[in-house]
Structures are given as structure tokens and as C-alpha cells.
Amino acid sequence: MKVLVVGGAGYIGSVTVEQLLEHDHEVIVLDNLCRGHKEAVSIKAKFVQGDMGNVDDLNAIFGAEKIDAVMHFGALSLVGQSVEQPALYFKNNVTNGITLLDTMLAHGVKKFVFSSTAAVYGEPHSSPITEDFPLVPTSPYGDSKLAFEKILKWYANAYGLMYAALRYFNVAGATETAGEEHDPETHLIPIVLQVARGERSHVTIFGDDYPTADGTGIRDYIHVKDLADAHLRAVEALKHPGQSSVYNLGSGTGFSVNQIIEAALKVTGKPIPTKIGPRRAGDPSTLVASSQKIQEELGWKPQFGSLDTIIGDAWNWHQKNPKGYHREQAHV
Ligand code: UDP
């Protein structure tokens with residue numbers, strides 16, 4: 001297949017690009033580099049710097065290449081920022097996404113894989129979360145993703161779009177060549193590893209009074225390689241006009257903030273000082289996925305689900321790339 005990967009210079013996009021190439025797919029990456037890193041994109045992929053909200057950029061690609069499918073990783077994803085700047089999130093994640101959909105359909109491209117999120121569930125009533133749980137996002141970010149899922153449903157109904165929406169839980173880990181680098185960094189595992197590397201003085205634990213065994217928040221961490229594998233399975237399963245599927249993606253096990261810090265201590269052998277802070281606004285106490293649906297329907301199974309592997313791979317990447325992607329050598 002020839003796959004257009006929008007946002008392929010970002011963390012999850014770049015790892016998926018690697019796997020697509022390993023499976024002999026042809027890859028074109030479109031990224032505006034507002035968050036991504038060009039060095040994260042394999043040199044075996046064709047890279048286009050441009051914007052999914054710009055019809056000219058899209059027409060140039062769809063006009064020149066016979067694209068079979070689109071994977072869309074090109075959204076903004078900071079919950080706190082979305083609360084402060086909802087216009088930015090709805091413009092980028094919804095309006096620009098519609099431009100992408102309309103342009104691909106105008107060129108006869110009908111296969112689409114969408115990066116959705118556990119944030120569509122808001123504060124769930126119980127765990128593990130299945131795909132039929134109530135959809136009540138608590139942030140503009142979650143609402144923008146849910147809005148786009150709804151658009152996909154109606155586009156499939158009217159225009160024969162075939163899509164899979166993948167609701168990610170907490171993604172972490174790295175490959176040999178691609179890892180997680182955000183600025184600002186807000187995610188727990190990279191922050192914990194920055195402390196282990198001496199780049200931060202301590203980790204602030206956002207609340208130790210949650211109704212969990214040790215009082216800290218519980219999340220379901222999935223290895224980015226397993227997540228990328230789900231994208232390949234999802235795109236390969238798109239065969240019938242109007243076909244649609246929605247899948248949760250997690251490892252099915254919850255780990256508390258304290259458990260993550262303990263595991264990182266073990267993996268890195270470095271001190272990780274902590275301080276207890278207040279809860280972060282909008283953080284649910286527990287988010288654990290049931291990924292049974294994608295396991296049954298697409299035969300997906302987490303291969304790298306152990307916490308030691310997830311943290312160990314992230315640690316190796318950060319050790320090898322202490323300055324992240326701000327480095328001389330290109331990704332191969
Ligand atoms: N967390 C924390 N300190 C930090 C960052 C995160 O205690 O500096 C907690 C957060 O409250 C949540 C978990 O770690 O319970 C995972 O947060 P992250 O931001 O990595 O992902 P999220 O679940 O918000 O998507």
C-alpha cells in the first residue's frame with residue numbers, strides 16, 4: 001500500500017512509519033513540524049513539509065501520488081492547552097481534519113486510520129473501559145476528538161469512507177531509532193526519566209489522595225511499538241466501503257504513579273526524588289482499557305506490554321539521544 005502519514009514526524013507517527021516501511025509499504029509523510037521532528041522520519045519515507053489544513057499542500061500530494069490510505073496523527077494533544085485555547089484545538093483537530101477528509105475523498109482515497117484517545121470517555125464510572133462506555137469528554141481536546149469520530153461515522157455512511165478510530169490510552173516506550181520528545185514535556189514516564197538523568201530535580205506526584213490502593217492515579221501504559229502494530233492491522237483490515245471500527249488500545253493493566261516511579265528506579269538504577277503536589281485539574285483517578293475488541297477482531301496482542309520493557313526502551317532512547325532530536329545525524 002502507499003500510505004500518507006499525516007503527522008508522521010511526531011512520536012507515534014514516526015514509529016508507525018518505521019513499521020509500515022518494515023512491512024514493505026510505501027510511505028509519504030506530511031507534517032508541518034509544529035510539534036514533530038524531521039529527524040524522526042525515516043529517510044526511506046518521502047517527507048513533505050506542509051499542512052493538512054492547506055488544500056494546495058494536500059492536492060499536490062494526492063495529485064502526484066496514488067495514495068491508498070491515510071493515517072492521521074496530526075492533531076494537537078495537550079489537554080491543559082486545549083482548555084485555555086479551545087479555538088486552536090477545534091480549528092486544528094476538527095476543521096483541518098475535515099479539509100484532509102474532503103480532499104482525500106475528492107481524489108478517490110477512502111481508507112483512513114484516526115488517532116483517537118481515551119479522553120473521549122472523560123471520567124469513566126468503572127474499569128476496564130470498553131468501547132461502549134459513555135462518551136463524555138471533560139476537555140476541548142477530548143471533545144475535538146469525539147467530534148471528529150462522529151464526522152467519520154457520517155462520512156462513512158454518506159461517502160463510503162472506510163475508517164478505524166483507535167482510542168489510545170497512555171503511550172510510552174521507544175524503538176532503537178524513534179522516541180518521545182515533547183516541548184513542553186507533560187507526560188509521566190519521560191518526566192520521571194528526565195529526573196533520573198538529572199535534568200529535573202524531582203517528579204511532582206499529582207495527588208496521593210485518589211481512591212486507589214496507594215492513593216496515586218492509575219493508567220494503562222501501552223508500548224508505542226504495539227500501538228504502531230495496531231495501525232498496520234487496522235489499515236490492512238479496511239476493505240468494504242462504509243466499513244467503520246472503533247478500538248481501545250491499552251495493555252489492559254493499570255499502574256499507579258508510584259508503581260511507575262518504582263519501576264523506573266529499578267530500570268535506571270538512579271535516584272528519582274519525588275514531591276507530592278495537588279491533583280492536576282481534569283485527571284481521572286483510574287483509566288484502564290479493555291482491548292478485547294481489537295484482540296478478537298484483528299488478532300492484535302501487546303507484545304511489549306511489560307512495564308520494564310516500556311520504561312527500559314524509553315530509557316535506552318533517552319540515554320542514546322540526550323538532546324532528543326536536536327542532533328546532527330539523520331534517522332535511517
Ligand atoms: N502525573 C504525575 N506527575 C507528572 C505527570 C503526570 O503525577 O509530572 C500523573 C498524572 O496525574 C496521571 C499519570 O501521571 O495520573 C499519567 O499522566 P500523563 O500526563 O503521563 O498522561 P495522561 O493520563 O494525563 O494522558
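Note that ligands are numbered from 1 as they come in the structure, with each ligand's atoms numbered from 1 the same way. In this chain, numbering begins with 1 at the start of the sequence shown.
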For [X], counting its heavy atoms only, list the atoms of ligand 1 lying under 4.0 Å from any of them.
{"X": "Ile191", "result": "8 (O)"}
{"X": "Ile205", "result": "7 (O)"}
{"X": "Thr186", "result": "5 (C), 19 (O)"}
{"X": "Asp283", "result": "10 (C), 11 (O)"}

Hydrogens and angles aside, do [X] and [Y] bring a side-chain donor and acceptor to less than 3.5 Å of each other?
{"X": "Glu236", "Y": "His25", "answer": "yes"}
{"X": "Thr130", "Y": "Asp132", "answer": "yes"}
{"X": "Tyr89", "Y": "Gln81", "answer": "yes"}
{"X": "Ser42", "Y": "Glu18", "answer": "no"}

Would you mind checking which non-hydrogen protein atom is closest to [atom], with the distance to 0.1 Å?
{"atom": "atom 25 (O) of ligand 1", "answer": "Asn170 ND2, 3.7 Å"}
{"atom": "atom 3 (N) of ligand 1", "answer": "Thr204 O, 2.8 Å"}
{"atom": "atom 19 (O) of ligand 1", "answer": "Arg280 NH2, 2.9 Å"}
{"atom": "atom 23 (O) of ligand 1", "answer": "Arg219 NE, 2.7 Å"}
{"atom": "atom 7 (O) of ligand 1", "answer": "Phe206 N, 2.9 Å"}

Checklist line | Face-on cation placement of Arg279 at Tyr210 ring, 6.0 Å and 45° thresholds | finding: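 Because its charged atom sits under 6.0 Å from the ring centre and within 45° of the axis, Arg279 does stack over Tyr210.
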
Checklist line | Proximity winner for atom 9 (C) of ligand 1, if only heavy atoms of Leu78, Val79, Val257, Thr117 are counted | finding: Val257

Notebook entry, point to check: Does Tyr168 reach ligand 1, in the sense of a heavy atom lying below 4.0 Å from it?
Noted result: no

Next item on the list: Say whether Tyr221, considering both its backbone and side-chain N or O atoms, lies within less than 3.5 Å of an N or O atom on ligand 1.
Entry: no

Margin query: Checking the N or O distance criterion of under 3.5 Å, is ligand 1 in contact with Leu188?
Written below: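 N/O-N/O distance under 3.5 Å: yes.
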
Check: Name the one of His72, Lys145, Glu149 that satisfies side chain to side chain donor-acceptor pair (under 3.5 Å) with Ser116?
Finding: Glu149

Check: Just by modelled atom types, is the Pro86 backbone N or O under 3.5 Å from a matching donor or acceptor in the Lys91 side chain?
Finding: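 Looks like no, no N/O pair under 3.5 Å.
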
Next item on the list: Could you list all the side chain to side chain donor-acceptor pair (under 3.5 Å) pairs where at least one residue sits in residues 237-251, not counting sequence neighbours?
Entry: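 Non-adjacent pairs meeting side chain to side chain donor-acceptor pair (under 3.5 Å): Tyr121-Asn248, Tyr247-Glu297.
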
Margin query: Counting only heavy atoms closer than 4.0 Å, does ligand 1 sit against the backbone of His187, its side chain, both, or neither?
Written below: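 Both the backbone and the side chain of His187 come within reach of ligand 1.
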
Item checked: Mode of Ile218 contact toward ligand 1 - side chain, backbone, both, neither (heavy atoms, under 4.0 Å) -> neither

Checklist line | Ring centre gap for His231 and Tyr168 strictly below 6.0 Å | finding: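 Yes, close enough.
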
Margin query: Taking the ring of Phe148 and the ring of Phe114, is the distance between their centroids below 6.0 Å?
Written below: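 Between Phe114 and Phe148, the centre distance is under 6.0 Å.
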
